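What follows is a short report on a single structure.
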Amino acid sequence: MADRTFYLTTPIYYVNARPHLGHSYATIAADAMCRYRRLRGDRVYFLTGTDEHGERIAQVAAAAGVTPQAYADEISGAFRETWQRLGITNDDFIRTTEPRHAKVVQAILQKLYDAGEIYFGEYGGWYCYGCERFYTEKEIVDGKCPDHQTALTFIKEKNYFFRMSKYQGWLIKHLEDNPGFIQPERYRNEVLGFLREPLQDLSISRPKARLTWGIPLPFDDQYVTYVWFDALINYFSALGYPDGALYKEFWPHVEHLIGKDILKPHGVYWPTMLHAAGIPLYRRLDVHGYWTIGGGKMSKSIGNVVEAFELTDKYGHDAFRYFLLREMNFGLDASFSEEAFVGRLNADLANDLGNLVSRATTLIVNSGGVSRVPADSELDDLERQVRDRFARVREGVDEAMAEFAFQKALARIWELIGLLNGYVDVSKPWELAKSAAARPRLERVLYVLGESLRFLGIVLAPFLPDAAGKIRRAVGQTGEPKLSDAAWGRLAPGTPVQKLSGLFPRVDKEGRSQEEQIGKMYAATRTSNRPPTERAGLADPATTTPELANSVSIDQFSKIDLRVAEIIAAEAVAKSKKLLKLTVSLGDSQRTVVAGIAVHYAPADLVGKKVVIVANLEPAKLMGIESQGMVLVGSAGDRWAVLTLDRDLPPGARVK
Ligand code: MSP
């Protein structure tokens, strides 16, 4: 990616359907790419918008009993609002019903007409109203549109045609000479495949007698412009073609991100139109695959359309972005399911990233912060691996992003996260904290962790903008992140660090967050298990004072060995909704305690907490894990609270 100026467009979306998962993927992918390029320090322009003319829009508007303009205004507004809510950083939003666009479409039509590239003729063919295009005999499947599976209509009418056929040889040569013009390669091959058949001229008008919802041809007011000829031009009408400063600066650097469904218009019509008009071609077409649901097409009629907001409102924008970018191999189809989404959210975000951030910030804060930059000669093997991985991750991410392979970029970053989690386990900073002699080693560990979080806060920014911002702030970084700062050794000693836990709360299989679960449990106990007076809220056994009948003597009580214990690691117990496996330190020893608090606490929230345990409780096996003690927890209905100290005491201190 030597080019330091970058202009990226998304498809402009038809206003006949509300924004859904498919549109969101394209826009989020483009947003992640533009954020990445800005992070590199590149000059970036990012365009999206809506495609508002044509027969389909006129039809849906008529069915809804409103004018096409009113219909377009509403749905275009929904797209714009969706992108705002998802935090999309587009620089402009173009609508094809805007005068600035119509003006440029007419100028290009006139230019091509004057140059003899457009002629008047008659054509008869099989037309799909859904696709707004004619199908050749070869493309028709069982007499139907291969895409919509609906019957085609034979239309014979006089129209204006663009002499596209004459550019067939030129386009084949261009694709052969420029192997990277369309990527991934399979789509370049697909376009070369289209071009093995004779290329027809392209009908670029519709008679007004049949359709009025379009841009009038400048040279014949009885016709409006064909929707694809109108829509493609948005890519430079938005830049103020031909004299606008934006056009001059950004057009030479344009790439179009599209889905595979619109490959032909972008891979064949568009380059030939540009070439005929004497306008430089786009630099590259980046083609993504399709999201399917349960292996099938997402469609309104099947009723499986995933609306963008449903998931982001439920799980957060960052989690939604992460899933889409990580799960789809760019260029191939991917299957969407909420289960797969929740799986990734829990494994990659809550466990791997969230836990690391929580453990690292807690350790740093509890151990007095980052005090010094360790000398290179001090670093052990694993620490050198972490240090060297910074540059490798950056290279790997850069290579992946050069081909829009978001999944690879994220995989590279997660390899580092895995390495760091392993590093915490192996270096056991909680043990180092116990002896003064181990202080220099502890300082190194704290530095490696703090510095790694600073690095992650930068490289994650394009993919998880909110979480990355929180990570940067937790390790005292202010201002806009820069990729050039993602280099080892820049975290300054004394940088203020804050604990950051619960970055990505875990979600259970049914998709409920822990807060919702607590609410549900409470509702269940209130209605089913309690006497009517309590159900009416008159008394809550959890908060009423117990009788003194079962009193114990002070001697009996003193047999219970209560100790301050520091939680140094916490993890969910497989196949259990309630249990957490805690590793606690009692100062001179460590032990495992299993606690039934998973509904109320995420593992990451517990690490670093000093709690009170019953240290001499008989060991018991819970789900195959031996628990050596019990954590004291208070509860009042749905509120559970782990007992912590109001002043600091060392782990192992007695509680009486
Ligand atoms: N208006 C045209 C594009 C004109 S560009 C000059 C159009 N609009 S659309 O609303 O149908 O959007 C198509 C694009 O939305 C696809 O190319 C793709 O980027 C995205 N997706 C729509 N459904 C999709 C999936 N099921 N999966 C992935 N992306 C899909 O075509």
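From a predicted model like this one, the values you see are computed outputs, not experimental measurements. All ligand and atom numbering here is 1-based and tracks the order in the structure.
Put simply, the residue from T48, D31, L47 that forms a side-chain contact (heavy atoms from CB on, under 4.5 Å) with N90 is T48.
Listed by first and then second residue, the ring pair (Phe, Tyr, Trp, His ring centres under 6.0 Å) pairs involving residues 86-117 are Y113-F219 (not counting sequence neighbours). Counting only residues at least two apart or on different chains, the side-chain hydrogen bond (donor to acceptor under 3.5 Å, both in side chains) pairs with a member in residues 253-266 are D3-H253, T9-H256, E139-K264, Y235-H266, E255-R284, H256-W270, K260-D333, D261-Y290.
By the 3.5 Å distance cut-off applied to N or O atoms, G289 is not counted among the residues near ligand 1. In terms of N/O distances under 3.5 Å, ligand 1 is approached by W291. The shortest N or O to N or O distance between H288 and ligand 1 is under 3.5 Å. When only interatomic distances are considered, the shortest N/O to N/O separation between G259 and ligand 1 falls below 3.5 Å. Backbone and side-chain nitrogen or oxygen atoms of D261 are examined, and one is located within less than 3.5 angstrom of a nitrogen or oxygen of ligand 1. Annotation: Y14 places an N or O atom under 3.5 Å from an N or O atom of ligand 1; distance criterion only.
Here the closest heavy-atom approach between residue T225 and residue D230 is recorded as CG2-N, 4.0 Å.
Every atom of ligand 1 is numbered from 1 in the order shown, and the set under 4.0 Å from a heavy atom of D51 is 1 (N), 2 (C), 4 (C). Counting atoms of ligand 1 from 1 in the listed order, those under 4.0 Å from a heavy atom of A26 are 19 (O). Those atoms of ligand 1 with a heavy atom of A231 less than 4.0 angstrom away are 6 (C). Of all the atoms in ligand 1, the ones that sit under 4.0 Å from a non-hydrogen atom of Y235 are 5 (S), 6 (C). Per-residue contacts place I262 under 4.0 angstrom from the following atoms of ligand 1 (heavy atoms of the residue considered): 3 (C), 17 (O), 31 (O). Short contacts between ligand 1 and G22, defined as distances under 4.0 Å to a heavy atom of the residue, involve ligand atoms 20 (C), 21 (N), 23 (N), 24 (C), 25 (C), 27 (N), 28 (C), 29 (N), 30 (C).
Put simply, part of H20 is less than 4.0 Å from ligand 1, judged by heavy atoms. The closest approach between a heavy atom of Y25 and any atom of ligand 1 is not below 4.0 Å.
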Exercise for the section: Kindly indicate, with the supporting measurements, whether the criterion side-chain hydrogen bond (donor to acceptor under 3.5 Å, both in side chains) is fulfilled by Y36 and D42. Expected result: CA-CA 9 Å; Y36 179 69; D42 299 349; over 6 Å; no

Exercise for the section: Take E327 and Y25, measure what side-chain hydrogen bond (donor to acceptor under 3.5 Å, both in side chains) needs, and give me the verdict at the end. Expected result: CA-CA 11 Å; E327 191 77 6; Y25 172 74; over 6 Å; no

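In terms of protein heavy-atom proximity, atom 12 (O) of ligand 1 is nearest to Y13 CD2, 3.5 Å. Distance from atom 3 (C) of ligand 1 to its nearest protein heavy atom, with residue and atom name: I12 O, 3.2 Å.
For the atom pair Y127 OH and F154 CZ, the distance stands at 14.0 Å (nearest 0.5 Å).
Between F320 and F341, the angle of the ring planes lies from 30° to 60°, which puts this pair in the tilted group. The aromatic rings of Y241 and F236 sit tilted relative to each other, their planes meeting at an angle between 30° and 60°.
Under 4.0 Å is where a charged nitrogen must lie from a carboxylate oxygen, and between K166 and E117 at least one such pair does.
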